[in-house]
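Before any comments, here is the structure.
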Amino acid sequence: MTWHIEVDQRACMGAGLCNGNLPDRFRLVGGKAEPTETGIEPDEDVLDAADYCPYRAIRITDMATGESLAAAD
């Protein structure tokens, strides 16, 4: 199983909670978060990062099923 991570650049305001908690999964570029890689093995910490994002900018999708695990608003 592989998950796809993306960050909605319009919604992201660069709070840095994702990067601060998971620097191996997210980085800040030009004041906005982006994933360090878009395809990852399932990782509950990444789901938590999506939940804690104050701007709901992180989207996670199960690549095998297309199911949205965390959706950017």
Distance-only check: which donor-acceptor pairs under 3.5 Å involve side-chain atoms of residues 55-65, not counting sequence neighbours?
{"unit_1": "Arg56", "atom_1": "NH1", "unit_2": "Ala50", "atom_2": "O", "d": "3.3"}
{"unit_1": "Arg56", "atom_1": "NH1", "unit_2": "Asp51", "atom_2": "O", "d": "3.3"}
{"unit_1": "Asp62", "atom_1": "OD1", "unit_2": "Ala64", "atom_2": "N", "d": "2.8"}
{"unit_1": "Asp62", "atom_1": "OD1", "unit_2": "Thr65", "atom_2": "N", "d": "3.3"}
{"unit_1": "Thr65", "atom_1": "OG1", "unit_2": "Glu67", "atom_2": "N", "d": "3.1"}

In a table with atom names and distances, give each donor-acceptor pair under 3.5 Å that connects a side chain of residues 17-24 to protein atoms at least two apart or in another chain.
{"unit_1": "Asn19", "atom_1": "ND2", "unit_2": "Phe26", "atom_2": "O", "d": "2.8"}
{"unit_1": "Asn21", "atom_1": "ND2", "unit_2": "Leu17", "atom_2": "O", "d": "3.1"}

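For Asp45, the salt bridge (Lys or Arg N to Asp or Glu O under 4.0 Å) criterion is met by no residue, not counting sequence neighbours. Judged as a side chain to side chain contact (heavy atoms under 4.5 Å, CB included), and not counting sequence neighbours, the contacts of Glu41 are Thr2. Judged as a side chain to side chain contact (heavy atoms under 4.5 Å, CB included), and not counting sequence neighbours, the contacts of Ser68 are Ala71.
Grouped with Tyr52 in a hydrophobic cluster is no other residue, since no side-chain heavy-atom contact under 4.5 Å to another Ile, Leu, Val, Met, Phe, Trp or Tyr is found. Clustering of Ile, Leu, Val, Met, Phe, Trp and Tyr side chains at separations under 4.5 Å leaves Leu28 isolated, with no partner residue.
The side chain to side chain contact (heavy atoms under 4.5 Å, CB included) test with Ile5 singles out one residue from Val46, Leu69, Asp43, and that residue is Val46.
The two residues Gln9 and Ala33 come nearest to each other via the heavy atoms NE2-O, 2.7 Å.
In this structure a side-chain-to-backbone donor-acceptor pair under 3.5 Å is missing from Glu6 to Glu34.
Evaluation of the salt bridge (charged side-chain N to carboxylate O under 4.0 Å, His left out) test over residues 10-21, restricted to residues two or more places apart or in two chains, returns Asp8-Arg10.
The CD atom of Glu37 sits 5.5 Å away from atom CZ of Arg25, with the distance rounded to the nearest 0.5 Å.
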